[in-house]
Amino acid sequence: MNNDLPMKSASSNIFNVRPGISPEDALTNASELLASAVSMGYYGAFELVGAQRDKALGILQLVEMAKMLVDQTLEQQFPAA
């Protein structure tokens, strides 16, 4: 780890999560972001070959599992009416 780099302050963030966002809204947005990552990832993965494709597909499996966790939490904590 390079200790010569300046520490990042909270005010230097380009993007922030809105203070007070509800857990349901946060999880819904996370689910949508993960779905987009999966979609873009599969598009790109199939342009690769061999070990590079295998790595990309492995990463996509991890993203899909994260999406499943988020979606299940949404369903359990905030059931649809």
Where is the tightest heavy-atom contact between Val17 and Ile21, given as atom of each residue plus distance?
CG1-CG2, 3.6 Å

Can Met40 be reached from Val70 by stepping across I, L, V, M, F, W or Y side chains whose heavy atoms are under 4.5 Å apart?
no

Can you find a pair of side-chain heavy atoms, one from Tyr42 and one from Leu57, that are under 4.5 Å apart?
yes

Between Phe78 and Met68, is there a shared hydrophobic cluster once you connect ILVMFWY residues whose side-chain heavy atoms come closer than 4.5 Å?
no

Would a hydrophobic clustering, with Ile, Leu, Val, Met, Phe, Trp and Tyr connected at side-chain separations under 4.5 Å, put Leu74 with Leu33?
no

Inter-residue atom distance Glu64.CD - Gln61.CD, 0.5 Å rounding:
7.0 Å

Rounded to the nearest 0.5 Å, what separation is found between the CD atom of Glu32 and the NZ atom of Lys67?
8.5 Å

Name every donor-acceptor pair, under 3.5 Å, that has one atom in a side chain of residues 22-30 and the other anywhere in the protein, sequence neighbours excluded.
unit_1	atom_1	unit_2	atom_2	d
Ser22	OG	Asp25	N	3.0
Ser22	OG	Asp25	OD2	3.3
Thr28	OG1	Glu24	O	2.8
Asn29	ND2	Asp25	O	2.8

Which pair of heavy atoms, one from Leu60 and one from Ala37, lies closest together, and at what distance?
CD2-O, 3.9 Å

Please indicate whether Glu47 has more than 12 foreign heavy atoms, meaning atoms of other residues, nucleotides or ligands, lying under 6.0 Å from its CD.
yes

